[in-house]
Structure formats: structure tokens, C-alpha cells
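Whatever order the structure lists ligands and atoms in, that order sets their numbers, starting from 1. Both backbone and side-chain heavy atoms feed into the values below; hydrogens, waters and symmetry mates do not. Index from 1, following the sequence.
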Amino acid sequence: MNRRTFVKLVGAYAPAFALPQQLLANSNDTIKPIVISTWEPNKKANAKAWEILSAHGSALDAVHQGVMVPEADPDDHSVGLGGHPDRDGHVTCDACIMDHLANIGSVMCLEHIVHAVSVARLVMEKTPHVQLVGEGALQFALLNGFKKENLLTPKSEADWKKWLKTSKYDPMTTVRDIEKRIKESHDTIGMIALDENNNLSGACTTSGMAYKLPGRVGDSPIIGAGLYVDNEVGGASATGVGEEVVRICGSHTIVEAMRHGKSPKEACKLAIERLIKIKGAEKAKEIQLGFIAINKSGEIGCYSMLPEFTMAVHSAKGEQIINSDYFFESSIKK
Ligand code: SD4
């Protein structure tokens, strides 16, 4: 069985089977339309995006509707409804969206609204601004017909009350939880799609790091950090400890590396290496970061600091899961 047949079989018959990245990344075996997302469980979001792409829809509509799937899922404790709250028990969401014309919109620290990405799209399409935060973002959403809801579910509230007993904020606790969570639910979603008209768009949405300080904003709603798309080059998105993604303008760095000839995977690796250079290996190997990228030809790639990161892909070949290559073998202190 050659590689092409194997990939096709996996796509058609074994959706949960994870492929090593070298089987797909950096290959010339590209295909459009295509959608990629951070983390295996977001294959459900990809499936929604694929419905739109395969019905001749736009990449923008595909990423918008795709990321709404985990936003509405109460069992996803990193996004929208059911997200883990800040240290005071408030679920505050960050989201952004970017299209092929470099139109952008984002909301930060938005409470009470399930679909933060839809508010971000409205910021992009209906205001002269690109970012709204906190109370202002909420007022804008309510004025535009969004419903005020309680995003703290009994499960996320119970987890928070358990955390309150120690009240110790450790971003890597959140990241360690990822390993557990991805087996059972989902995680922060960054999604990029390339449609049949050769246009790229991306979206990213999260409830951020669990038990963060009130008012904390991560990388996910920051254009250039959690997400960046350049329709001439490609797009990238990030997950992991947001402070570190912001430090290196992660997604923009990756797109610029692709502009200068790197493959998507090489570009993701370059961003990881840049952070290691800044932080030093000892500190860097305590931080989980994962990047996904796609170029204009539909070539895809991903790379992470530590093991366990996955990328979900959906195209006419079906659904594929790619186990990301990573820089440090294993470093998380359990
Ligand atoms: C943040 N990058 O708020 C997000 C968290 C995340 O998987 O990606 N979690 O920092």
C-alpha cells in the first residue's frame, strides 16, 4: 500500500486514527478545499466547517460556523459555554476572526455570550474598529441581539470550587489538564480554512487559561498572536500558554516565515525555536505551545514544544488527525 492509499484509507475508514506528521506535512500531496484545527477533538468543528466548504461556501463562513461547535459544547472546558472561569468565578471569553482581505475583528474578556466568535465577526463587519473588550464588548453584543447567558456550568463551577481550596495559579496545570481533557472533550480552537476560490480565513476562540486573573487576555483574540492569515501566503494559529505566544507574535511570525520560503511545519518549528532562544531551554521545556499552519497551496503542518499536541484536518480525503512533532521529549513535572 503506498502512502497516498494509506492516507485515503485512514481518512475514509479510521477517523480516530492519528497519523504521524511526517506522513502528511510538507508533502506535495495538497488538496483544496481544506480545513485545519488545533486539537483532535475539534474534528467535530472541522466537520461543520467541511459542510460549508464542500457546499462551495467561503472559508470565512466555514471557520465561523466551525468554531461555534465547541463554543456551544458544555463539555468543552476551554471554550464558550462550560469554560473554566477566572479566579473569581467569571467565565470570560476571547475570540477573533480574520478573512482573506485582512478584515479583522476580535472580542476580549467577554462575559455571558456563548458565541464570542460571532460577536468578533460583527465587530469586523459592522464597526469601524477591530477590537472590543469587556463591558463594551458585552453591550455591543446585547445591542445586536445576542442573549445574555450564564456560561458557568455545574461542572465548571465544581472544578473552580475545588481549585479555590488551594487558589494556586499555575498555567501549566491548565496545560497538564489538556492531556486529560483531549481524551474526553476538546480544547481551545484555532481553525484555518482554504476554500475552493483559493481564499483563506481563520478564527480562534477560547475561555482562556483556567483561574486566570480577572481581566487577563491571552493570545487567542490577538491578531498576529493567536491567529494570522495572509491570503498571498498562508495562515497560522496557536494554542497553549498564551503569554508566550504573544511574546513572539506567534502566528504572524509563522506566516512571515512561510512568506520567506519555509514549509508550514518548518515555520511552526521556527516559532517554537524562537521562544526557546528567548526563554532558555530550562524554562521553555516547562511550557506547552502548539502551532498549526497552512500555506496557499494547501500544504499543512504543525509543531509543538512538548508531546501530545494534535492537529485535526478535513478535506475531500476525509478526516485526519496528525500527531504533532515536538521539540522536547517530555518535561512536564507531574
Ligand atoms: C490562552 N492560548 O488563553 C489560550 C489557552 C489555550 O489550550 O490555548 N488553551 O492562553
### Message
Checking the N or O distance criterion of under 3.5 Å, is ligand 1 in contact with Asp94?
### Response
no

### Query
Is any side-chain N of the basic residue among Arg121 and Asp61 closer than 4.0 Å to the acidic one's carboxylate O?
yes

### Message
If the threshold is 4.0 Å, N to carboxylate O, is there a salt bridge linking Glu243 and Arg216?
### Response
yes

## Note on the structure
Note: ligand 1 atoms sitting under 4.0 Å from heavy atoms of Gly208 are 3 (O)

### Part of Ser220 within contact of ligand 1 (heavy atoms, under 4.0 Å)
side chain

### Query
With a cut-off of 4.0 Å, which atoms of ligand 1 are near a heavy atom of Thr239?
6 (C), 7 (O), 8 (O), 9 (N)

#### Entry: Heavy-atom pair of closest approach, residues Thr188 and Thr239
CB-OG1, 3.9 Å

### Task
Within a distance under 4.0 Å of any heavy atom of Asp219, pick out the atoms of ligand 1 and give their elements.
1 (C), 2 (N), 4 (C), 10 (O)

### Message
I need the contact type for Gln288 against ligand 1. Using non-hydrogen atoms and a strict under-4.0 Å cut-off, is it side chain, backbone, both or neither?
### Response
neither

### Query
For ligand 1, is there an N or O atom under 3.5 Å from any N or O atom of Gly242?
yes

### Non-hydrogen atom of Gly240 closer than 4.0 Å to ligand 1
yes

### Query
Do Lys269 and Glu266 meet the salt-bridge criterion of a basic N to acidic O distance under 4.0 Å?
no

### Message
Do Asp86 and Tyr211 have side chains that approach each other closer than 4.5 Å (heavy atoms only, starting at C-beta)?
### Response
no

#### Entry: Per atom 1 (C) of ligand 1, closest listed option by heavy atom (His84, Glu243, Glu244, Arg216)
Arg216

#### Entry: Pairing of Lys161 and Glu157 as salt bridge, 4.0 angstrom limit
yes

### Query
Using 30° and 60° as the class limits, which term best fits the ring planes of Tyr303 and Phe327: parallel, tilted or perpendicular?
perpendicular

### Trp39-ligand 1 polar pair, N/O distance under 3.5 Å
no

